[in-house]
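A short write-up of the structure that comes next.
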Amino acid sequence: MNYWLIKSEPFKYSWSTFVKDQITFWDGVRNYQARNNLREMRVGEMCLFYHSNEDKQVVGIAEIVKEFYQDPTTEDPNWVVVDVKPVNTLLKPVTLNQIKSDPRLNNIGMIKQPRLSVIKITQLEFNTILELSNEN
DNA sequence: GCCAACGTTGGC
DNA sequence: GCCAACGTTGGC
């Protein structure tokens, strides 16, 4: 079982839009590493949903409901999407600062590779972020 | 196959 | 709005 962190710019596709939609395909990935991560995602695996740019915080939890298939927004067979649905809105969002300042999250992929939009994280990192969300 | 140039992303 | 980091492209 893998855990993931997916990033979106809130003005492009925000958590609240996602909650309204209930289900969406995660498109627009044009990076091979991120694409490879999409291909590894399995139904039932959990993702943290992170708002980049203005927000810079983890705002919710999503679940993979359909494994990768051809990106419907392009003919190029290199690119795939997965279907995700929202599971939970975090009581308190977890900010990038909190993530950076927690020693357990020193090695989280999103800090080492800030530009990657689909990142594999460990169960510990996943749980730690949920814990941070409850603590404040 | 290397590397410079360029584009994109995201934090500040 | 700037800039650093990084990925991609294209010329050699």
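Letters A, B, ... mirror the listed sequences (proteins, then strands); counts begin at 1.
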### Query
Would you call R104(A) and E125(A) a salt bridge, using N to O less than 4.0 angstrom?
no
### Task
Mind calculating the distance between CD1 (I111(A)) and C1' (dC12(B)) to the nearest angstrom?
15 Å
### Message
Which residue in the set F49(A), Y69(A), F68(A) passes ring-ring contact (aromatic ring centres under 6.0 Å, His included) when paired with W26(A)?
### Response
F49(A)
### Message
Could you tell me how far apart F11(A) (CZ) and dT9(B) (P) are, to the nearest whole angstrom?
### Response
10 Å
### Message
Counting only side-chain nitrogens and oxygens, does K12(A) get under 4.0 Å of the OP1 or OP2 atom of dT9(B)?
### Response
no
### Query
Got a second to check how far Q57(A)'s CD is from L96(A)'s CG, nearest 0.5 Å?
10.0 Å
### Between dT9(B) (P) and K56(A) (NZ): distance, integer Å
18 Å
### Query
Within this structure, what is the CD-to-C1' distance between Q113(A) and dA4(C), rounded to whole angstrom?
15 Å
### Atom-pair distance (CZ on R30(A); C1' on dG7(B)), nearest Å
16 Å
### Message
Under 4.0 Å, heavy atoms only, any strand: does L116(A) hit a base, just the sugar-phosphate, or nothing?
### Response
nothing
### Task
Can you tell me the distance, in whole Å, between the CE atom of M110(A) and the P atom of dC6(C)?
15 Å
### Task
Could you check which of dT8(C), dG10(B), dG7(C) has an atom nearest any side-chain atom of Y32(A)?
dT8(C)
### Gap between atoms CG and P, on D55(A) and dG11(B) respectively (whole Å)
11 Å
### Query
How many Å lie between CD1 on I6(A) and P on dG10(B), as a whole number?
13 Å
### Query
Looking at Y50(A) versus W15(A), is the centre-to-centre ring distance below 6.0 Å?
no
### Task
Choose from dC12(B), dG7(C), dG10(B) the nucleotide whose nearest atom is closest to any side-chain atom of L96(A).
dC12(B)
### Query
With distance as the sole criterion, do the side chain of R115(A) and the base of dT8(B) form a donor-acceptor contact below 3.5 Å?
yes
